[in-house]
> 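I am attaching a structure below and will ask some questions about it afterwards.
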Amino acid sequence: MRRTRFAPSPTGFIHVGNLRTAIYTYLIARGDKNGKFILRIEDTDRERFVEGAVEVIYETLKQCNLTYDEGPDVGGDYGPYIQSERKNSYKKYALELVEKEEAYYCFCTLERLQNLREEAQNKKENFIYDGCCKSLSKAEIANKINSGIPYVIRQKTPEDNVTTFKCEVYGQISINNSEIEDQILIKSDGYPTYNFANVIDDNLMKITHVVRGNEYLTSTPKYTLLYKALGFVEPTYVHLPHVVKEGGKKLSKREGDAYFSDFVKKGYLPTAIVNYVALLGWSPEGKKEILSLSELEKQFSIKRINKSPAVFDIQKLNWVNSQYLKKMDDIEFSKLCLPYLIEGGIDINNQEWTNKFCLLFKDRLSSISEITKYYQQFLAEFILEEEAAAFLKENDCGEVIKVFKGKLSAIETWNSENIKTALNETGIETKVKGKLLFMPMRIATTGMLHGPDLPRSLELIDKDEVLRRIEKC
Ligand code: GLU
């Protein structure tokens, strides 16, 4: 039975890459009908801890429908699911390793280590702890501990040979043991290091698949050595490629494209974000790319994860999101638009007008926040676009515009049906057809060559304003 875990460190925001890890971790669990998806908060690094960050994780997973079967707020048989609450359970495993001579006490002072580090730096070598304390006798160790000298516990890396592990995405990787430092398992404050806690927890929680970013590939040999020394079964590793922008640039906080919340704020739907992010580094077998979470659950396979960096393409996200917006229920869609309209200072008191306005653009938005841009373009001010002006210049449009204006002025009840009739009658009367009929009418009233259905658009603009625009044109 598969058991996977998403193990974020609560740093405040969910990065797009992290979200992708969560999605794949979830999907791998759901690929087994008895599979379990677990949330574990890795908060042992208190310096990086951010207030409220754990709640952001819960909230994000909820918004994305990535329901976990076990976790801090839902419970489970393998809790606690917050690492800082497990702090005291790790040391005994380190002591077992000392007992088996797979680990040892190290009393080296920070000063000594710093000197070694500087020496290595001067020689332009990588610093690796020299194993000085490995040969201390039992009596020496007992003496030092009794006199209260601070110590850490380090794992003894086998001196020769290589360490090999297999990642489902990157294949088999081997590294010479001479390059692997005797890693610290327990720090001088008695608490575990990050790597040690991670391995123990994965084992205690019976995790079968470890899914994480490929920045962990370099420390995986250390994990392998730990599993071996502890006699634990090693999980299946699935390391995921980086998510980058075109040209290899990093997604950035400053450019507002690094975090899940950045996209939600801009009016991308969590369902669409999940769909798009799932395609970053994985591809379905068929051509269909609009896939709901349950479709993803059926189709996802580790085999189709790509190891080259995944390129984040905002145009594609726009397209995916627009597909989701189109399919949305009208009322729900209008409701989602409201906060953006309010923020844009747009009067939403007339509910009927507001609904019609929102729905007019439902098929055209790539993110909901664009609705205010459309308001500016369509309603706030009349600007004759350059291309539109050129069209008027190049074609003889005077007659159509004149007749159309007459028809519009005669309308008593200003609604889209009557406007449509005026439009049709203009065609009949002037005997002009196609582009030469529709373009002048659209340009004279909206200033643009393209836009949503014209009668429905004009209905939302005040009649006097429409006539004024034609005059100005
Ligand atoms: N806590 C790690 C992170 O947030 C995850 C490590 C892992 O999944 O093994 O990047």
Side-chain angles (χ1 to χ4, degrees), residues 2-29 36-50 52-58 60-61 64 66 68 70-72 78 80-87 90 165-170 173 183 185 191-227 230 232-243 250-251 253 258-261 277 280-281 302 305 310:
R2 289 185 186 178
R3 288 179 56 85
T4 68
R5 84 312 190 255
F6 176 48
S9 305
T11 53
F13 297 96
I14 301 279
H15 190 274
V16 171
N18 265 144
L19 176 64
R20 197 230 359 225
T21 302
I23 296 170
Y24 288 7
T25 309
Y26 169 88
L27 292 174
I28 290 171
K36 296 275 182 263
F37 173 56
I38 294 142
L39 173 66
R40 180 173 79 225
I41 304 293
E42 300 207 319
D43 62 343
T44 44
D45 186 353
R46 300 310 283 183
E47 273 163 40
R48 288 176 66 206
F49 187 78
V50 178
V54 177
E55 286 67 29
V56 171
I57 296 168
Y58 297 158
T60 305
L61 294 176
C64 295
L66 302 174
Y68 37 96
E70 298 169 28
Y78 301 87
Y81 292 91
I82 296 193
Q83 233 169 21
S84 57
E85 293 171 17
R86 305 170 66 88
K87 266 189 164 171
Y90 304 104
F165 68 93
K166 185 176 166 241
C167 163
E168 293 302 303
V169 177
Y170 289 87
I173 296 178
Q183 62 175 319
L185 308 179
Y191 290 123
T193 52
Y194 174 75
N195 287 349
F196 191 53
N198 184 284
V199 165
I200 301 288
D201 284 346
D202 281 343
N203 179 71
L204 291 177
M205 294 182 179
K206 297 197 164 48
I207 300 302
T208 59
H209 292 65
V210 163
V211 187
R212 60 185 174 215
N214 68 5
E215 64 276 17
Y216 286 91
L217 270 177
T218 48
S219 35
T220 304
K222 291 187 181 170
Y223 290 85
T224 300
L225 285 174
L226 268 174
Y227 281 107
L230 290 159
F232 293 166
V233 180
E234 210 171 358
T236 300
Y237 295 116
V238 181
H239 290 94
L240 307 175
H242 283 304
V243 180
K250 272 191 179 172
L251 298 173
K253 186 174 168 177
Y259 302 125
F260 170 74
S261 53
V277 171
L280 284 173
I302 299 175
I305 298 176

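Atoms within a ligand are numbered from 1 in the order they appear, just like the ligands themselves. Worth saying up front: this structure is predicted, and the values here are computed from it rather than measured.
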> For the pair Glu168 and Lys166, find out whether any cationic side-chain nitrogen is under 4.0 Å from an anionic carboxylate oxygen.
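Between Lys166 and Glu168 there is a salt bridge, with a charged N closer than 4.0 Å to a carboxylate O.
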> Say whether Glu215 and ligand 1 are in contact under the criterion: heavy-atom distance to a ligand atom below 4.0 Å.
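Glu215: no contact with ligand 1 (<4.0 Å).
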> Any idea which protein heavy atom is nearest atom 3 (C) of ligand 1, and the distance to it?
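That would be Tyr216 OH, 3.4 Å.
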> Examine Asn18 against ligand 1 and note whether any of their N/O atoms are separated by less than 3.5 Å.
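Between Asn18 and ligand 1 (N or O atoms, distance only) the closest approach is not under 3.5 Å.
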> Any sub-3.5 Å donor-acceptor pair from Arg20's side-chain atoms to Leu280's backbone N or O?
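At least one qualifying donor-acceptor pair exists.
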> Fit a plane to each ring of Tyr68 and Tyr58, take the angle between them on a 0 to 90° scale, and name the class: parallel (under 30°), tilted (30 to 60°) or perpendicular (over 60°).
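Tyr68 vs Tyr58 ring planes: tilted.
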> Check the orientation of Tyr216 and Tyr194. Use parallel for under 30°, tilted for 30 to 60°, and perpendicular for over 60°.
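Because their plane-to-plane angle lies in the 30° to 60° range, the rings of Tyr216 and Tyr194 count as tilted.
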> Kindly confirm or rule out a cation-pi arrangement of Arg3 over Tyr78, judged by NZ or CZ under 6.0 Å from the six-membered ring centre and within 45° of its axis?
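Relative to the ring axis of Tyr78, which defines the angle, Arg3 lies inside both limits.
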> Quick check on contacts: which atoms of ligand 1 are under 4.0 angstrom from a heavy atom of Arg5?
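Counting atoms of ligand 1 from 1, those under 4.0 Å from Arg5 are 7 (C), 8 (O), 9 (O).
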> What is the closest protein heavy atom to atom 6 (C) of ligand 1, and at what distance does it sit?
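Checked against all protein heavy atoms, atom 6 (C) of ligand 1 sits closest to Tyr194 OH, 2.8 Å.
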> Looking at ligand 1, does Phe6 have a heavy atom less than 4.0 Å from it?
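Distance cut 4.0 Å: Phe6 fails for ligand 1.
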> Decide whether an N or O pair under 3.5 Å exists between Ala7 and ligand 1.
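Indeed, backbone or side chain, Ala7 has an N or O that close.
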> Using every non-hydrogen atom in the two residues, find where Lys222 and Gln183 come nearest and quote the distance to one decimal.
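Here Lys222 and Gln183 meet closest at O-NE2, 3.1 Å.
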> Knowing that exactly one of Pro80, Pro72, Ser84 qualifies, which makes a side-chain contact (heavy atoms from CB on, under 4.5 Å) with Ile41?
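So the option named by the test is Pro72.
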> Does only the side chain of Ser9 get under 4.0 Å from ligand 1, or the backbone, or both, or neither? Count heavy atoms.
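Ser9 to ligand 1: contacts from backbone and side chain alike.
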> Need the ligand 1 atom indices (1-based, order shown) with element for anything under 4.0 Å from a heavy-atom of Pro8.
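So the answer, numbered in order with elements, is 4 (O).
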